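Read through the structure below, which is laid out as structure tokens, and then see the notes.
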Amino acid sequence: MKATSKPTQLLVTSSNNLFPYIEYCRKNNIRWRAIANECGIPPHMLVADQWLPTNDVLKFLHQIELVHGKKIGIEAGQLATITLLSPNIEQLIASVDSLDEAIPVLIKEIISLSNHVTIWTEYKNGEWCCAIEVATAHQT
């Protein structure tokens with residue numbers, strides 16, 4: 001390993017990110033607690049603001065799709081609300097008056113949902129854009 005290499009980092013995700021999927025499972029009678037256990041996630045950890053290994057979360061979501069027989073990301077995403085994912089964000093956003101003020105709030109709050117997603121603003125081709133980077137376990 002080079003001396004300049006980054007140390008290995010465990011990628012983690014907030015349990016809040018799973019709430020739309022759990023709601024989907026409840027509505028469709030999918031045995032999500034048993035699947036969570038099989039994937040190394042004790043169901044008692046699926047409460048607000050718990051850090052979970054991202055690899056276990058991805059296994060859990062994949063297994064739900066295998067059991068259910070179809071991709072559920074879009075349908076589960078339709079159940080998501082910003083308040084469900086981040087209970088603090090509604091209060092934080094209520095204190096701002098413009099998109100200019102909201103973007104830094106969002107950038108700061110994103111770290112409460114994951115340690116491997118970064119967002120920032122960039123000025124490209126005469127326009128401001130919101131950029132996102134998601135680190136994966138395979139990135140070097």
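Since we're looking at a predicted model, the values are computed, not measured.
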Inset, instruction - Could you tell me which non-hydrogen atom of Val96 sits nearest to which non-hydrogen atom of Glu101, and how far apart they are? - result: CA-OE1, 3.3 Å

Out of curiosity, [X] [atom1] to [Y] [atom2], how far, rounded to the nearest 0.5 Å?
X	Y	atom1	atom2	value
Asn16	Trp51	CG	CH2	9.0 Å
Lys71	Leu66	NZ	CG	8.5 Å
Leu92	Leu106	CG	CG	10.5 Å
Lys108	Asn88	NZ	CG	10.5 Å
Leu46	Leu52	CG	CG	6.0 Å
Cys39	Asn55	SG	CG	11.5 Å

Tabulate below the donor-acceptor pairs under 3.5 Å that side-chain atoms of residues 58-65 make, not counting sequence neighbours, or state none.
unit_1	atom_1	unit_2	atom_2	d
Lys59	NZ	Asp56	OD1	3.4
Glu65	OE2	Ile72	N	3.2

Legend entry - Side-chain cluster (under 4.5 Å, hydrophobic types only) that Tyr123 belongs to, other residues: Trp128

Using a 3.5 Å cut-off and no angle test, enumerate the donor-acceptor pairs between side-chain atoms of residues 20-37 and protein atoms at least two apart in sequence or in another chain.
unit_1	atom_1	unit_2	atom_2	d
Tyr24	OH	His68	NE2	2.9
Tyr24	OH	Glu75	OE1	3.3
Asn28	ND2	Tyr24	O	2.9
Arg31	NH1	Glu38	OE2	3.3

Inset, instruction - Ignoring hydrogens and angles, tell me if any N or O in the side chain of Ser15 forms a donor-acceptor pair with the backbone of Val47 under 3.5 Å. - result: yes

Legend entry - Within 6.0 angstrom of Gln91 CD, more than 12 heavy atoms from elsewhere: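 Atom CD in Gln91 is not packed in, count stays at 12 or less.
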
